[in-house]
**Q** 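Take this structure first; my questions come after.
A quick note: this is a predicted structure, and the numbers were derived from the prediction, not measured.
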Amino acid sequence: APAGGGPYGRVWAMKESIHIRPARLSDLPAMQRLFRETVLVVCRRDYTAAEVADWASCGDDPAHWTELFSRQHYFVAESPDGGVAGFASIDETGYMHSLFVGKGWQRCGVASALYGAVERLAREAGADRIAAEVSRTARGFLERQGFVVDERQRRRARRLLLENYKMSKRLDGPDPGSGVR
């Protein structure tokens with residue numbers, strides 16, 4: 001990435017500089033750990049212990065991560081110590097597969113910075129909307145970004161059906177991060 005972080009930039013979170021950058025294959029083990037921990041700890045307030053355990057197990061297969069990585073553009077929020085504070089992904093059609101922030105980085109601006117990177121990529125790719133399947137935990141955050149619930153659904157994790165939401169956001173206005181009004 002170019003000096004200064006390229007088009008994905010830096011944000012201040014918890015008074016520390018967080019760097020948003022495209023993910024590398026070498027980030028996958030840290031992303032896998034962050035996914036599991038976030039689901040088990042952060043999402044526990046919105047789902048039962050059995051539901052989060054089942055959901056977290058979906059991230060156990062490294063081959064599945066590699067396959068997702070080949071279809072989606074992943075971004076990581078890199079903490080000052082070089083760790084992964086969060087990650088998000090989107091494809092050129094505007095389907096956002098992932099947005100996860102580690103338990104120590106909740107409510108610090110990391111999700112907003114990651115979301116900004118995926119929305120910029122979707123706009124640059126010419127997508128007219130962003131669509132996602134969103135947990136109860138993430139619903140409020142995405143509503144604050146301009147998403148609407150299209151449908152409530154129950155989706156299978158591994159064994160259990162978990163409630164989540166199909167949500168979308170039209171991209172017919174200016175990029176909110178561009179400064180254009």
Side-chain angles (χ1 to χ4, degrees), residues 1-14 17-24 27 31 34-35 38-39 42-43 46-47 55 58 64-65 67-78 84-102 105-157 162-181:
Y8 307 106
R10 293 180 185 270
V11 296
W12 288 96
M14 287 182 66
S17 181
I18 295 295
H19 177 63
I20 305 298
R21 63 168 173 78
R24 301 182 285 261
D27 294 318
M31 292 165 59
L34 185 138
F35 166 79
T38 301
V39 169
V42 177
C43 298
D46 298 304
Y47 294 92
W55 180 9
C58 294
H64 179 67
W65 282 88
E67 191 266 327
L68 285 172
F69 206 84
S70 72
R71 289 186 295 141
Q72 293 268 311
H73 297 275
Y74 276 85
F75 297 93
V76 296
E78 187 174 55
V84 174
F87 66 89
S89 71
I90 196 162
D91 67 17
E92 289 88 1
T93 70
Y95 179 70
M96 183 172 69
H97 180 270
S98 303
L99 179 57
F100 290 91
V101 175
W105 294 96
Q106 296 287 309
R107 301 191 186 287
C108 298
V110 174
S112 296
L114 285 165
Y115 176 74
V118 297
E119 183 173 315
R120 277 190 294 284
L121 189 140
R123 287 176 181 278
E124 290 166 7
D128 62 350
R129 72 184 196 115
I130 296 177
E133 295 182 60
V134 178
S135 69
R136 291 176 187 151
T137 308
R139 178 182 170 177
F141 169 78
L142 288 173
E143 286 175 332
R144 290 188 296 279
Q145 308 311 307
F147 280 71
V148 296
V149 172
D150 298 317
E151 179 183 338
R152 192 175 93 180
Q153 64 181 5
R154 294 186 62 77
R155 292 289 304 242
R156 184 169 305 283
L162 280 65
E163 181 181 88
N164 73 6
Y165 306 91
K166 285 186 178 182
M167 296 183 76
S168 64
K169 176 183 178 179
R170 303 249 358 119
L171 297 178
D172 47 12
D175 179 349
S178 70
V180 176
R181 297 279 181 241

**Q** Quick check for you: to the nearest 0.5 Å, what is the distance between Cys108 atom SG and Ile18 atom CD1?
**A** 8.0 Å

**Q** For Tyr115 and Phe75, I'd like to know if the aromatic rings sit close, meaning centre-to-centre distance below 6.0 Å.
**A** no

**Q** So, for Phe87 and Trp65, is the gap between ring centers shorter than 6.0 Å?
**A** yes

**Q** Do Ile90 and Tyr95 have side chains that get closer than 4.5 Å, going by heavy atoms?
**A** no

**Q** Is a side-chain donor-acceptor pair under 3.5 Å present for His73 with Glu92?
**A** yes

**Q** Can you find a heavy atom in the side chain of Trp55 that is under 4.5 Å from one in the side chain of Arg155?
**A** no

**Q** Check step by step if side chain to side chain contact (heavy atoms under 4.5 Å, CB included) holds for Thr137 and Val42.
**A** CA-CA 8 Å; Thr137 308; Val42 177; 4.0 Å; yes

**Q** Would you call Met167 and Ile130 a side-chain contact if the rule is heavy atoms closer than 4.5 Å?
**A** no

**Q** Partners of Tyr165 by ring pair (Phe, Tyr, Trp, His ring centres under 6.0 Å), sequence neighbours excluded?
**A** none

**Q** Which residues pass the ring pair (Phe, Tyr, Trp, His ring centres under 6.0 Å) test with Phe69, not counting sequence neighbours?
**A** Tyr74

**Q** Given side chain to side chain donor-acceptor pair (under 3.5 Å), test Glu133 with Gln153 step by step and report yes or no.
**A** CA-CA 9 Å; Glu133 295 182 60; Gln153 64 181 5; 2.6 Å; yes

**Q** Do the side chains of Met96 and Gln72 get nearer than 4.5 Å, heavy atoms only?
**A** no

